[in-house]
There are 2 protein chains.
Amino acid sequence: MSFNVKHALFTQFARIGKVLGNAHRLALIEYLAQGERSVEALAQVAGLSVANTSQHLQQLRQAGLVETRREGQRIHYRLSGDDVVTLLDAMRRVGNRHLAEIDQLIDTYLTTKDSMEPVAAQELMKRLKRGEVTVLDVRPEEEYAAGHLPGAVNIPLNSLEKQLAALPADREVIAYCRGPYCVLSYDAVAELRRRGYRARRLEEGYPEWRSAGLPVEETRH
Amino acid sequence: MSFNVKHALFTQFARIGKVLGNAHRLALIEYLAQGERSVEALAQVAGLSVANTSQHLQQLRQAGLVETRREGQRIHYRLSGDDVVTLLDAMRRVGNRHLAEIDQLIDTYLTTKDSMEPVAAQELMKRLKRGEVTVLDVRPEEEYAAGHLPGAVNIPLNSLEKQLAALPADREVIAYCRGPYCVLSYDAVAELRRRGYRARRLEEGYPEWRSAGLPVEETRH
DNA sequence: CAATTATTCAATTGATTTATTGAATACAAT
DNA sequence: ATTGTATTCAATAAATCAATTGAATAATTG
């Protein structure tokens with residue numbers, strides 16, 4: 001008996017693994033980590049057909065990773081809890097540490113690791129308290145509104161050039177976006193440095209910050 | 001470009017998910033979390049053919065979750081780091097919280113949750129310091145020797161009946177084994193209670209304790 | 001060097017997964 | 001009621017995965 005129960009349990013856990021075993025679904029989870037999204041919105045941002053996206057989302061739902069809410073004719077998907085972000089983060093850590101391919105991709109394409117020296121969450125928290133830095137959220141407005149780091153200024157990447165005035169030139173800027181592999185913050189830092197700012201990235205993104213239990217702010221409309 | 005890099009990264013991470021998407025491989029990881037094992041030993045305990053086991057292990061290796069070491073004609077596999085245990089733990093948490101099927105399996109087969117009231121690692125640590133409890137490791141001798149909780153007494157489950165004398169009858173016994181779903185400790189607690197002991201399970205097993213950074217002891221031969 | 005043991009490799013078969021397509025729901029607006 | 005929109009369902013073809021089998025390596029022993 002005990003063997004079969006154990007196998008049955010592992011089979012259930014394997015459902016979660018299986019569902020994490022597809023790049024598109026991981027991308028969908030990353031978008032959902034920013035907040036609720038409709039199927040169409042997810043399809044667009046993930047570059048998939050709506051039907052295909054719907055099917056991936058249903059698999060995520062059956063594995064207990066996402067939940068749904070109907071609003072009129074739209075169905076909004078959301079992560080079923082912060083523990084899902086934690087799970088993805090654990091996967092990311094293992095990948096970073098043990099898969100050479102990942103190291104190489106980051107090294108080659110996301111500008112060089114060293115020159116960017118990302119700031120760790122704990123460190124940023126300290127410096128925030130001392131008021132030493134300007135925190136810059138380069139995600140789209142809606143995502144910022146749904147939740148952001150305390151005191152963060154929101155300038156979406158594509159309007160960064162126009163709104164540079166909003167950033168004090170004498171303090172270091174720490175930029176963040178959707179997650180550790182979101183390119184928005186990489187681009188923002190590159191742009192800011194070209195303009196003469198001292199700028200660095202936050203090592204992770206908003207979802208990781210939040211799921212680590214660090215303080216966040218929401219913009220009530 | 002940024003889309004492709006992102007997709008390439010997610011494809012790499014998906015390799016990890018994919019490899020976690022099979023019950024047999026999860027079982028192999030659980031055994032490996034106890035320590036190094038040869039292919040044959042793993043095959044036997046997992047109930048798989050050697051060739052099949054070898055193939056699963058190679059998939060785990062390609063995904064960076066395990067490493068190998070040759071010793072004579074044997075090849076020993078081991079987890080590539082404690083972060084792998086952490087990853088599995090994150091998966092377990094999500095499954096417990098969001099998959100009704102898992103709840104049901106545990107409820108139905110692993111005796112009732114409530115009457116067993118497992119002890120959390122943090123709580124045990126406190127009570128250990130005060131010397132209030134006897135910690136009982138019911139895993140096989142070799143696994144105990146490779147590492148165990150501080151001050152734990154080792155009585156493998158099948159000799160528990162004979163060696164009951166080694167346990168003080170007036171203190172609560174906290175039993176643990178390989179992991180949260182390992183049945184050894186469930187059986188041990190049931191047996192001890194039949195004998196009139198106050199006994200409970202540790203919520204998780206040795207690997208989780210260790211990867212949480214709590215103190216461990218090794219038996220040098 | 002021949003025989004033995006532990007592991008891996010290669011080929012095969014059946015099962016599962018992915019993306020596509022077009023049809024089916026389910027709600028909303030006219 | 002009719003039309004339109006968002007999502008899901010069902011059927012399919014191509015790709016991938018799992019387990020089995022028997023042969024191939026690689027180290028060990030006599």
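Here is how names work: the chains are called A, B, and so on, in the same order as the sequence lines, proteins then strands, and each is numbered from 1. Just so it is clear, the model here is predicted, and its values are computed rather than measured. In what follows, every heavy atom counts, from backbone to side chain, and hydrogens, waters and symmetry copies are set aside.
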Set of residues satisfying salt bridge (Lys or Arg N to Asp or Glu O under 4.0 Å) with respect to [X], sequence neighbours excluded:
X	answer
A:E203	none
B:R139	B:D137
B:E141	none

5' to 3', nucleotides 3-16 of chain C under a 4.0 Å protein heavy-atom cut-off (B base, S sugar-phosphate only, - none) gives --BSSBBB------
Using a cut-off of less than 4.0 Å, is there contact between a side-chain N or O of A:N22 and OP1 or OP2 of C:dT17?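 No, outside the criterion.
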Discussion item. OP1 or OP2 of C:dT17 versus the side-chain N and O atoms of A:Q59: is any pair under 4.0 Å?
Written reply: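 Indeed not, no polar side-chain atom of A:Q59 lies that close.
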Send over the distance from [X] [atom1] to [N] [atom2], rounded to a whole Å.
X	N	atom1	atom2	answer
B:R15	D:dC17	CZ	P	11 Å
A:E36	D:dA6	CD	C1'	15 Å
A:L28	D:dT7	CG	C1'	15 Å
A:E71	D:dT5	CD	P	19 Å
A:Q62	C:dT17	CD	P	11 Å
A:H56	C:dT17	NE2	C1'	10 Å
A:H7	D:dA18	NE2	C1'	12 Å

**OP:** Answer with yes or no whether the side chains of A:Q59 and A:R25 bring together a donor and an acceptor at under 3.5 Å.
**Re:**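 There is such a pair between these side chains.
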Review point. Under the side chain to side chain contact (heavy atoms under 4.5 Å, CB included) test, which residues partner A:A33, sequence neighbours left out?
Key: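 Partners of A:A33 under the side chain to side chain contact (heavy atoms under 4.5 Å, CB included) test: A:L79, A:V85, A:P207.
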| task | List for me each residue that meets ring pair (Phe, Tyr, Trp, His ring centres under 6.0 Å) alongside A:H148, sequence neighbours excluded, and say none if there are none. | result |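 Here the qualifying residues are A:Y144.
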